[in-house]
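Input: a single structure, listed below in structure tokens.
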Amino acid sequence: MSLLSIHNLVKRFGALTATDHVSLEVEQGEIHALIGPNGAGKSTLVHLISGLLPADGGSLTLAGQELIHLAPHQRVAAGLSRCFQITSIFPKLTVADNLLLAVQAHHRNSFRWFAVRDHDAALQALAWDLAQRVQLQTDWNTTAGTLPHGAQRKLDVALALAANPKLLLLDEPLAGMGPEESAEMTALIGELRTRHPGMAILLIEHDMDAVFQLADRITVLVYGKVLAQGTAAQIQTDPRVQAVYLGQEDEVGELEEQEEGAA
Ligand code: ADP
Ligand code: MG
């Protein structure tokens, strides 16, 4: 059984079918990338998975549990964590306090029989462990809002990991990063695989170098439909994919930049 199973998912905006009977499977421990040109329906699919948008049809199961009628926080409890692109960070708090709050929120019941001192020590240890996993140890006492962009994205990943998810949704984790920060974040995502054995990642990313470096399998969306699914090598050499997507990568990149500038 796959960890995440999406079957015939549908989302309509008026006459537009933004998600057109999409089916895909994410296996335990897999990094699965979702790619496709601008407007293909990637963000819509992420919102359907996280529960931010209600679906018009289809099913979505995580480890066998149907999620389609659950609210976003219930999906988090079921094992689905999403990075919210920095918006979940408290900018006036330190890295340590951000992590402690996240750990506290997700372990409310884990240590309730502990003495207060042991309870605090256990939470501190979990928070410090998260800081290590995203290499933010040296920023432990830094005010989160003053961190460089790349470090804030790392903190955002750590906050999502605090829920100890079965599946981590990464929506454009490299957006707005320079080459050095991108390389660092790409390496970090790769390392999550060894640090969280069994956790799967659904990665939406425009940086094709990162996608081909990280992804075990790739799903290509075009006009809301799945155009192709396969390993990185299969997708790279798929003529249909080259025709509709990879051939116009530069153009797509430019459009995205314009869109981001306008937003
Ligand atoms: P991607 O993330 O792949 O660029 P989106 O999921 O953002 O694509 O958009 C897919 C299509 O759905 C686009 O045509 C977009 O204009 C449309 N769309 C997305 N969100 C809405 C919405 N809230 N209302 C109406 N149309 C939407
Ligand atoms: Mg998008």
Side-chain angles (χ1 to χ4, degrees), residues 4 6-24 26 31-60 67-68 71-72 75 80-88 149 153 156-157 160 167-177 182 185-186 189 201-212 214-215 217-230 232 235 238 240-263:
L4 177 76
I6 296 176
H7 188 65
N8 273 340
L9 208 55
V10 174
K11 180 67 190 177
R12 296 189 188 90
F13 296 116
L16 174 80
T17 308
T19 307
D20 195 353
H21 299 86
V22 167
S23 297
L24 74 88
V26 179
I31 299 184
H32 194 115
L34 187 62
I35 65 171
N38 194 25
K42 302 179 296 295
S43 294
T44 302
L45 184 57
V46 168
H47 296 330
L48 294 176
I49 296 171
S50 67
L52 232 53
L53 277 176
D56 293 315
S59 78
L60 174 74
L67 300 184
I68 203 82
R75 297 186 192 198
L80 193 84
S81 231
R82 178 182 172 197
C83 274
F84 282 97
Q85 311 202 335
I86 304 183
T87 52
S88 54
H149 180 75
R153 302 301 298 261
D156 194 43
V157 171
L167 179 82
L168 180 67
L169 279 173
L170 291 179
D171 197 355
E172 298 188 36
L174 307 182
M177 288 188 175
S182 285
M185 184 59 117
T186 304
I189 295 168
I201 297 175
L202 186 60
L203 171 73
I204 292 84
E205 185 47 60
H206 286 108
D207 184 328
M208 286 303 129
D209 292 336
V211 164
F212 289 126
L214 288 170
R217 288 191 309 139
I218 299 174
T219 292
V220 185
L221 278 186
V222 177
Y223 295 122
K225 285 195 172 84
V226 174
L227 175 81
Q229 260 167 347
I235 294 301
D238 189 319
R240 293 168 307 167
V241 177
Q242 285 172 351
V244 304
Y245 185 65
L246 296 176
Q248 40 168 307
E249 198 187 331
D250 291 342
E251 197 183 311
V252 169
E254 274 165 32
L255 281 173
E256 297 281 337
E257 272 159 32
Q258 284 167 18
E259 195 185 54
E260 273 160 28

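Counting starts at 1 for both ligands and their atoms, in listed order.
- Looking at I204 against ligand 1, nothing comes within 4.0 Å, counting heavy atoms.
- Applying side-chain contact (heavy atoms from CB on, under 4.5 Å) to F13 and the options D56, T19, T44 leaves one that passes, T44.
- Between G41 and ligand 1, at least one pair of N/O atoms sits closer than 3.5 Å.
- Closest heavy-atom contact between A33 and A215: CB-CB, 3.7 Å.
- The shortest N or O to N or O distance between F13 and ligand 1 is not below 3.5 Å.
- Between I6 and L60, the shortest heavy-atom contact is CG1-CD1, 3.4 Å.
- Residue-ligand proximity, N38 to ligand 1, at heavy-atom distances under 4.0 Å covers atoms 4 (O).
- Checked options L202, T219, L24, I204; the residue passing with L45 is L24 (criterion: side-chain contact (heavy atoms from CB on, under 4.5 Å)).
- The distance from the Mg ion (ligand 2) to the nearest N/O/S atom of S43 is under 2.8 Å.
- Those atoms of ligand 1 with a heavy atom of L16 less than 4.0 angstrom away are 11 (C), 12 (O), 14 (O), 17 (C).
- Residue A18 has no N or O atom closer than 3.5 Å to an N or O atom of ligand 1.
- Heavy atoms only, all atoms of each residue included: L53 and L48 are closest at O-CD2, 3.6 Å.
- The contact set between ligand 1 and A40, taken as ligand atoms under 4.0 Å from a residue heavy atom, comprises 1 (P), 3 (O), 8 (O).
- Of the residues D156, L52, I49, the one that meets the side-chain contact (heavy atoms from CB on, under 4.5 Å) test with R82 is L52.
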